[in-house]
Amino acid sequence: GACPSVTSAIAVLTMQESLTISSLPATVTTCEGGNVVTWSIAATGTGITYQWRKGGTNIAGVTASSYTLNNVTLADAGVYDVVVTGTCGTLTSNASTLIVNPAGSWTGVTSTDWNTTSNWCGGIPGIATDVFIPASAPNMPNLSGGSGSARQITIGAGATLTVGSGGVLNIYGDLINN
C-alpha cells in the first residue's frame, strides 16, 4: 500500500510436546515369595519425571519408568500408581491393584489338576497346609484318580472343588465352604 513495509525482529516459537502416558494393568495377582512383579509405564512429553506411589503415598527412591518388586510379601498388597510430571503438566496413571496370595492358595493358572505344582502358591499342599480356593482362579481344582491332602480348606464364595471318581482328599482340620 501507500505505507512503507517494516520487518520485525526474528521470533522463535518453541513447541512443547503434550504429556501422555500409557495405562497400568488394573489388577496383578501373584504368590507370596519369590515371584517378581514389574509395572512399566510409557510416557511422551518433555522433561519427564516419575514418582511411584502405594496407596497414594510416594515410594521413596522409586522414580524410574518401571517399578519391580522382588520376593513379594503379603505387606506388598495394595494399590499402586505413578505420577508423571513434564514441562506441560502432571498426570497420574490409573491405579493397579496388587493381590498377593499366601502359600496354599490355588491359582489354577495351568489346569484343573490338584497335583500340578504350578497351580498352587508354594507348591502342592500337604497335611500342614491351609488351602484357600478363590473364585478368581481361571480353573477350579479337580482331584480325580489321585490323592491330595490339606490341614484346612476354605472354598471362597463362587469357587468350586471337585473330588471325582477315584479321587481321595484327606483333610486334617476344617472344611469351610463359603
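What you are looking at is a predicted structure, and each value in this text was computed from that prediction instead of being measured.
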Determine whether [X] and [Y] fall in the same hydrophobic cluster, where Ile, Leu, Val, Met, Phe, Trp and Tyr are linked whenever their side-chain heavy atoms lie under 4.5 Å apart.
X    : Y    : result
I124 : I171 : yes
V163 : F132 : no
V28  : I59  : yes
W106 : I99  : no
V79  : V62  : no

(request) Please state whether the rings of Y67 and Y80 are parallel, tilted or perpendicular, taking 30° and 60° as the class boundaries. (result) tilted
(message) With side chain to side chain contact (heavy atoms under 4.5 Å, CB included) as the test, pick out the partner of L143 among V168, T112, N115, D113.
(response)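 When V168, T112, N115, D113 are each tested with L143, the side chain to side chain contact (heavy atoms under 4.5 Å, CB included) holds only for N115.
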(request) Apply the side chain to side chain contact (heavy atoms under 4.5 Å, CB included) test between L69 and each candidate in V36, T30, D76; give the one that qualifies. (result) D76
(request) Begin from the C-alpha positions of I153 and I133 and carry the test side chain to side chain contact (heavy atoms under 4.5 Å, CB included) through to its verdict. (result) CA-CA 8 Å; I153 298 178; I133 302 169; 4.2 Å; yes
Out of curiosity, [X] [atom1] to [Y] [atom2], how far, rounded to the nearest 0.5 Å?
X    : Y    : atom1 : atom2 : value
L98  : T29  : CG    : OG1   : 8.0 Å
Y172 : I127 : OH    : CD1   : 5.5 Å
N170 : R151 : CG    : CZ    : 15.0 Å
N58  : R53  : CG    : CZ    : 7.0 Å
T85  : I48  : OG1   : CD1   : 10.0 Å
W120 : S105 : CH2   : OG    : 8.5 Å

Of the non-hydrogen atoms in [X] and [Y], which two are nearest, and what is the gap between them?
X    : Y    : result
T38  : T68  : OG1-OG1, 3.0 Å
G158 : A135 : C-CB, 3.7 Å
L74  : N101 : CD2-C, 4.3 Å
S96  : P25  : OG-O, 2.6 Å
G108 : P138 : O-CG, 3.3 Å
N94  : S23  : OD1-CA, 3.4 Å

(message) Applying side chain to side chain contact (heavy atoms under 4.5 Å, CB included) to Q152 and V131, what does each step give before you reach the verdict?
(response) CA-CA 6 Å; Q152 176 173 297; V131 167; over 6 Å; no
(message) Does T90 form a side chain to side chain contact (heavy atoms under 4.5 Å, CB included) with V83? I'd like the steps, not just the answer.
(response) CA-CA 7 Å; T90 299; V83 177; 3.4 Å; yes
(message) Can you confirm whether L175 sits close enough to T154 that some side-chain heavy atom of one is under 4.5 Å from a side-chain heavy atom of the other?
(response)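 Sidechains of T154 and L175: no contact.
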[X] and [Y]: side chain donor to acceptor below 3.5 Å:
X    : Y    : result
T20  : T44  : yes
T87  : T46  : no
N119 : S111 : yes

(message) side chain to side chain contact (heavy atoms under 4.5 Å, CB included) for I41 and S66? Distances and angles first, verdict last.
(response) CA-CA 6 Å; I41 194 153; S66 64; over 6 Å; no
(message) If we ignore hydrogens and angles and just use 3.5 Å, is the side chain of W114 paired with the main-chain N or O of L169 as donor and acceptor?
(response)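 Looks like no, no N/O pair under 3.5 Å.
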(request) Please check if the side chain of W52 supplies one atom and the backbone of A64 the other of a donor-acceptor pair under 3.5 Å. (result)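 Yes, because the side chain of W52 sits within donor-acceptor range (under 3.5 Å) of the backbone of A64.
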